[in-house]
Number of protein chains: 2
Amino acid sequence: MSLATDGADQPTLYKRIRADIEKRILTGEWPPGHRIPFEHELVARYGCSRMTVNKALSELAQADLIERRRRAGSFVRRPQHQSAVLKIADIRAEITALGRAYGYELIHRKLRMATAADRDRLGVKKAGKVVAIACRHSADNVPFAVEDRLIDLSSVPNAATADFSREPPGSWLLHHVPWTEAEHTISAIVADDRAAQALDIAVGAPCLVIDRYTWRSTRTITAVRLLYPGDSHRLVARFKGG
Amino acid sequence: MSLATDGADQPTLYKRIRADIEKRILTGEWPPGHRIPFEHELVARYGCSRMTVNKALSELAQADLIERRRRAGSFVRRPQHQSAVLKIADIRAEITALGRAYGYELIHRKLRMATAADRDRLGVKKAGKVVAIACRHSADNVPFAVEDRLIDLSSVPNAATADFSREPPGSWLLHHVPWTEAEHTISAIVADDRAAQALDIAVGAPCLVIDRYTWRSTRTITAVRLLYPGDSHRLVARFKGG
DNA sequence: TTGACTTATATGTCTAGACATATAATCGTA
DNA sequence: TACGATTATATGTCTAGACATATAAGTCAA
């Protein structure tokens with residue numbers, strides 16, 4: 001009776017523990033400051049030795065996802081460096097992490113057969129149904145970003161019935177659909193009338209545009225364009241290199 | 001006979017092992033590709049158990065300083081696994097990779113004692129010499145980006161005599177100074193008179209701004225601000241996730 | 001109430017083993 | 001010589017303990 005008595009060909013145990021915790025952090029289920037279970041609790045939950053749990057937590061600490069304090073426990077860190085956009089695909093979690101009040105507003109939602117433009121945007125060939133969503137995120141009641149999203153229903157059928165009037169599609173997807181790869185394209189534009197009104201900024205003000213495509217294996221899941229006020233928003237990304 | 005029988009109040013053993021190896025890598029004593037001692041050799045050298053050595057090496061692997069290969073050993077990594085966004089670390093390489101003709105023009109170079117503003121920008125306290133550089137990169141004779149850079153000479157003394165009229169400072173640094181960490185801040189602005197003229201775009205056109213700070217261990221190496229035409233330049237970053 | 005002392009506890013580090021697994025190297029064969 | 005099978009070996013993961021240490025929390029006296 002050691003580790004791999006279950007049928008599935010899971011990754012190793014400590015990686016599974018790490019991934020479990022990481023997921024809860026990245027989805028915002030365990031927000032910054034949250035105390036994650038003690039090592040001995042995880043030992044009991046996963047039925048392994050303390051060293052295994054310790055290895056998982058140590059790696060999370062090395063990655064700056066959690067902070068460990070003797071006698072107190074381990075706590076989810078505020079993602080101070082990691083770019084919210086580059087690592088966390090959830091704006092709600094991003095705003096919450098900044099300690100600000102998150103606001104969400106669905107502007108538009110439509111279920112339709114993919115148009116040629118939709119297929120082009122998603123990078124798929126076959127026609128199928130898609131959900132098109134426009135919404136707005138705000139922090140402390142100030143517009144934070146507007147989102148324009150397309151979800152491929154052939155990859156994510158459940159999205160057809162999800163209630164995006166209450167939950168932002170990014171958060172919903174993160175909770176319901178595991179992704180394996182994402183590509184971000186960052187550019188700058190000046191606000192046109194529509195953008196200016198949506199973000200409550202002046203026409204001609206600079207905006208950051210982030211286009212993100214997300215896949216699971218080779219299937220496109222979603223394509224989203226996020227528009228941020230460029231002078232009040234910054235993407236910060238910190239890397240280690242050699 | 002456990003661990004702390006020596007007089008000095010050293011950090012823990014695995015940290016010492018890790019620091020020893022890290023030092024040899026960062027100083028270039030063990031160049032990229034070099035095979036570092038096998039675990040059992042380090043066990044013998046440090047007189048500890050394999051798990052202790054393994055912990056040190058695992059952390060170095062997690063930090064991407066070394067690569068571990070079963071049966072073969074552990075090897076110093078080449079310093080260019082950059083996370084996509086970092087490809088802009090060398091604009092010359094970026095433009096060349098696009099199959100376009102690279103052009104470089106030194107606008108300004110000055111060696112001076114660090115002003116208060118310089119120290120602030122570099123995040124250092126002590127006064128020392130710096131090199132301030134302004135230059136322009138072009139692709140197929142079209143302005144591609146303007147660069148405004150500060151190099152800390154106390155970290156990189158050689159930069160004082162480097163010929164930046166021929167080689168772009170980014171390329172020079174990449175070849176001469178190993179870095180351990182970099183932080184990028186991306187924002188959007190609209191072009192003012194000066195920027196518009198330098199980039200040959202209209203006043204009021206959107207620009208991407210990338211501020212990058214680079215360290216080796218805790219020493220600041222350089223701070224650079226890059227200004228790109230926002231509508232013609234895009235940053236692309238691709239990630240793997242779960 | 002406040003400050004000093006004590007205690008309980010979660011993490012930090014370490015050991016001396018074990019078996020798993022990928023793969024470089026070797027050997028044998030067509 | 002070329003290729004397929006075998007073997008040796010370094011890393012990957014894990015265990016069931018141990019003692020160290022920082023510190024939150026509780027205790028008690030001024």
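The structure presented is a predicted model; accordingly, all values stated were derived computationally and were not measured. Reckoned from all heavy atoms, side chains included, excluding hydrogens, waters and symmetry mates. Order of the sequence lines sets the chain letters (A, B, ...), proteins ahead of strands, with each chain counted from 1.
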(Q) Nearest whole Å is fine: how far is D:dT13 C1' from B:E39 CD? (A) 11 Å
Q. Can you tell me how far C1' of C:dT13 sits from CD of B:E59, to the nearest Å?
A. 12 Å
Q: Please determine if a side-chain N or O atom of B:S49 lies less than 4.0 Å away from the OP1 or OP2 oxygen of C:dC14.
A: no
Q) Within this structure, what is the CD-to-C1' distance between A:E41 and C:dT9, rounded to whole angstrom? A) 13 Å
(Q) For a quick test of reading the model: is some side-chain N or O of A:K15 closer than 4.0 Å to OP1 or OP2 of D:dG12? (A) no
Q | Rounded distance in Å - CG (B:L13) to C1' (C:dT13) | A | 10 Å
(Q) With a cut-off of less than 4.0 Å, is there a side-chain N or O of A:K55 near OP1 or OP2 of D:dC14? (A) no
Q.
I'd like to know if B:R70 reaches the base of C:dT21 with its side chain such that a donor and an acceptor end up less than 3.5 angstrom apart.
A. yes
Q: Using whole Å, report how far CE of A:M51 lies from P of C:dA18.
A: 17 Å
(Q) I'd like to know if A:R71 reaches the base of D:dA24 with its side chain, counting only an N/O donor and acceptor under 3.5 Å. (A) yes
Q: Please check the phosphate of D:dT15 (OP1 and OP2 only) for any side-chain N or O of A:T52 closer than 4.0 Å.
A: yes
**Q.** Nucleotide D:dC14, atom P - distance to CG of B:N54 in whole Å
**A.** 12 Å
Q.
Please report the distance, rounded to the nearest Å, between CD in A:E67 and P in C:dA10.
A. 17 Å
**Q.** Between P of D:dA24 and CZ of A:R68, the distance in whole Å
**A.** 15 Å
Q | Candidate list A:L122, A:V156, A:V130, test side-chain contact (heavy atoms from CB on, under 4.5 Å), partner A:I151, passing option | A | A:V156
Q | Of A:H137, A:R136, A:R225, the residue whose pairing with A:E147 passes side chain to side chain donor-acceptor pair (under 3.5 Å) | A | A:H137
Q: Would you mind checking if B:E41 and B:R35 are paired as a salt bridge, meaning a charged N to carboxylate O distance below 4.0 Å?
A: yes
Q: State whether the distance check finds a donor on one side and an acceptor on the other, under 3.5 Å, for side chain B:R50 versus base D:dG12.
A: yes
(Q) Could you check whether any side-chain N or O of B:R219 sits under 3.5 Å from a backbone N or O of B:S154, counting only pairs where one atom can act as donor and the other as acceptor? (A) yes
Q: Would you indicate what B:S74 reaches in the nucleic acid, counting non-hydrogen atoms under 4.0 angstrom: base, sugar-phosphate, or nothing?
A: sugar-phosphate
Q) Salt bridge between A:R24 and A:E22, side-chain N to carboxylate O under 4.0 Å? A) no
(Q) With nearest nucleotide decided by heavy atoms, which residue, B:G73 or A:R69, maps closer to the 5′ end of DNA chain D? (A) B:G73
